[in-house]
There are 2 protein chains.
Amino acid sequence: MNAAADNLRTQAQVFKSLGHPARLRMVQLLADGERCVCDLTGQVGLDISTISKHLAVLVQAGVLVSEKRANKVFYRLRTPCVLKMFTCLGELQQSPDSTSLVEATCCPP
Amino acid sequence: MNAAADNLRTQAQVFKSLGHPARLRMVQLLADGERCVCDLTGQVGLDISTISKHLAVLVQAGVLVSEKRANKVFYRLRTPCVLKMFTCLGELQQSPDSTSLVEATCCPP
DNA sequence: CATGTATTTGGCAATTATGCCAAACAGCAA
DNA sequence: TTGCTGTTTGGCATAATTGCCAAATACATG
């Protein structure tokens, strides 16, 4: 019965994880391939500890996965599907107001 | 130069607006067509004033638009593109972990 | 073992979000 | 006008988020 509410919360968690400029930025940077925390820190401009916590949020949401190699931790997209969401987002922002519910041709393959 | 940061913030705002269970629920309800605030209140189970504020967040983010008719205010999706994001979300959550960056066949047309 | 590099964790202050109530506001009808 | 329905706004208490610092941890190397 709570399954529906749980599912809703899980879905919202993904959006929420992307709903912060720094986290969104990091995901976009990771679109090009994995990066270690120190690399991301240089490009995002926040304290390393803050970056680490943001990355943990994205892992928790299922957007990223991490892998430790030597003394570095590398983060990467868990699945490239998330990039499609960015495409959708761009289309949504570009899209004119619509009065009908006809599915527009947004987010093509 | 702040254009990039502004864009990032605007994009994050959309995700953030969807990153709350109640707001996500309302958007999903509105996928079937416009609803007035009182209808949504009954289905979400929060105080009307709270619903109203959540709806304002979604309008601010560009996800919804509102229209007043008689003494009721109807909300609807600004563009159906947002529904594609839900498809993407489902695919993302179903998608297995991937090690390569090859675009998987998620979010088909 | 001691040192250096890389990352995470704990904790704190400041900010923001959430949800309720009460009050204000808008529009319709008697 | 008055009353009624529907919505928004203001305000408040509580909770969550954000970002920094300092300390702890993990790992490789000298």
Side-chain angles (χ1 to χ4, degrees), chain A residues 5-6 8-30 33-76 78, chain B residues 5-6 8-27 29-30 33-78:
Chain A
D6 283 351
L8 204 58
R9 228 173 295 124
T10 304
Q11 291 179 308
Q13 189 184 22
V14 176
F15 285 125
K16 191 174 183 178
S17 76
L18 299 172
H20 186 286
R23 289 195 292 264
L24 192 53
R25 180 84 202 288
M26 293 192 289
V27 173
Q28 288 172 350
L29 288 170
L30 292 172
E34 63 176 23
R35 296 265 194 299
C36 67
V37 181
C38 54
D39 284 346
L40 290 169
T41 300
Q43 301 188 260
V44 177
L46 290 172
D47 191 87
I48 298 189
S49 68
T50 303
I51 296 291
S52 181
K53 284 173 182 173
H54 278 309
L55 288 168
V57 170
L58 288 162
V59 169
Q60 183 65 31
V63 175
L64 304 183
V65 290
S66 67
E67 186 181 340
K68 186 161 205 166
R69 291 204 294 278
N71 59 340
K72 293 188 179 182
V73 178
F74 289 88
Y75 285 82
R76 63 169 182 272
R78 193 186 65 77
Chain B
D6 283 350
L8 204 57
R9 228 173 295 122
T10 304
Q11 291 179 308
Q13 189 185 21
V14 176
F15 285 126
K16 191 175 183 178
S17 75
L18 299 172
H20 187 286
R23 289 195 292 262
L24 191 54
R25 180 84 203 289
M26 293 192 289
V27 173
L29 289 170
L30 292 172
E34 63 176 21
R35 295 266 195 298
C36 66
V37 181
C38 54
D39 284 346
L40 291 169
T41 300
Q43 301 189 260
V44 177
L46 290 172
D47 191 87
I48 298 190
S49 67
T50 303
I51 297 291
S52 181
K53 284 174 183 174
H54 279 309
L55 288 167
V57 170
L58 287 163
V59 168
Q60 183 64 33
V63 175
L64 304 183
V65 290
S66 68
E67 185 182 341
K68 187 163 204 166
R69 291 204 294 277
N71 58 340
K72 292 188 179 181
V73 178
F74 289 87
Y75 284 83
R76 64 169 182 271
L77 306 183
R78 192 186 65 78

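Side chains included, hydrogens not; waters and symmetry mates left out as well; all remaining heavy atoms used. This structure is a prediction, so every number in the text was calculated from the model and none was measured.
- Between B:Leu77 and B:Leu64 the shortest side-chain heavy-atom distance falls below 4.5 Å.
- The closest side-chain heavy-atom distance from A:Thr50 to A:Thr41 is not below 4.5 Å.
- Separation of atoms CG (B:Leu8) and CG (A:Leu24) is listed at 5.0 Å; rounding is to 0.5 Å.
- For the side-chain contact (heavy atoms from CB on, under 4.5 Å) test with A:Val63, the passing option among A:Leu30, A:Val27, A:Val57, A:Leu55 is A:Val27; the others fail.
- Straight-line distance from the CD atom of A:Glu67 to the P atom of D:dA26: 18 Å, rounded to whole Å.
- At whole-Å resolution of the value, CZ in A:Phe74 and C1' in C:dT5 are 13 Å apart.
- Of the residues in residues 8-27 of chain A, A:Lys16, A:His20, A:Arg23 come within less than 4.0 Å of DNA chain D through at least one heavy atom, sorted by number.
- The side chain of A:Lys72 sits closest to C:dT7 out of D:dG6, C:dT7, C:dG19.
- The distance between atom CZ of A:Arg35 and atom C1' of C:dT7, rounded to the nearest whole Å, is 18 Å.
- Distance check, rounded to the nearest 0.5 Å: CG of A:Asp39 to CZ of A:Phe74 gives 7.5 Å.
- For the pair A:Arg76 and A:Val65, the minimum side-chain heavy-atom distance is below 4.5 Å.
- The side chain of A:His54 places no N or O atom within less than 4.0 Å of a non-bridging phosphate oxygen (OP1 or OP2) of D:dT17.
- Judged by distance alone, the side chain of A:Arg35 and the main-chain N or O of A:Leu40 form no donor-acceptor pair under 3.5 Å.
- B:Ser52 places no side-chain N or O within donor-acceptor distance of the main-chain N or O of B:Ile48, the cut-off being under 3.5 Å.
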Distances under 3.5 Å between protein N/O atoms and the N/O atoms of nucleotides 8-12 of chain D, please, pair by pair.
unit_1, atom_1, unit_2, atom_2, d
D:dT8, OP1, B:Tyr75, OH, 2.6
D:dT8, OP2, B:Ser52, OG, 2.6
D:dT8, O5', B:Ser52, OG, 3.2
D:dG10, O6, B:Lys53, NZ, 3.1
D:dG11, O6, B:Lys53, NZ, 2.5

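- Note that the SG atom of B:Cys38 and the CD atom of B:Gln43 stand 10.5 Å from one another [nearest 0.5 Å].
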(request) Report, as a single string ordered 5' to 3', how protein heavy atoms within less than 4.0 Å touch nucleotides 24-30 of chain C: B base, S sugar-phosphate only, - not at all. (result) --SSS--
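- Rounded to an integer number of Å, the gap from A:Asp39 CG to C:dT5 C1' is 14 Å.
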(message) Evaluate A:Val44 against A:Leu29 for side-chain contact (heavy atoms from CB on, under 4.5 Å), listing each step before the verdict.
(response) CA-CA 9 Å; A:Val44 177; A:Leu29 288 170; 4.2 Å; yes
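- When the P atom of C:dT7 is taken as reference, atom CG of A:Leu64 falls 14 Å away, rounded to whole Å.
- Of the residues listed (B:Met26, B:His54, B:Arg25), the one engaging B:His20 in a side-chain contact (heavy atoms from CB on, under 4.5 Å) is B:His54, and it is the only one.
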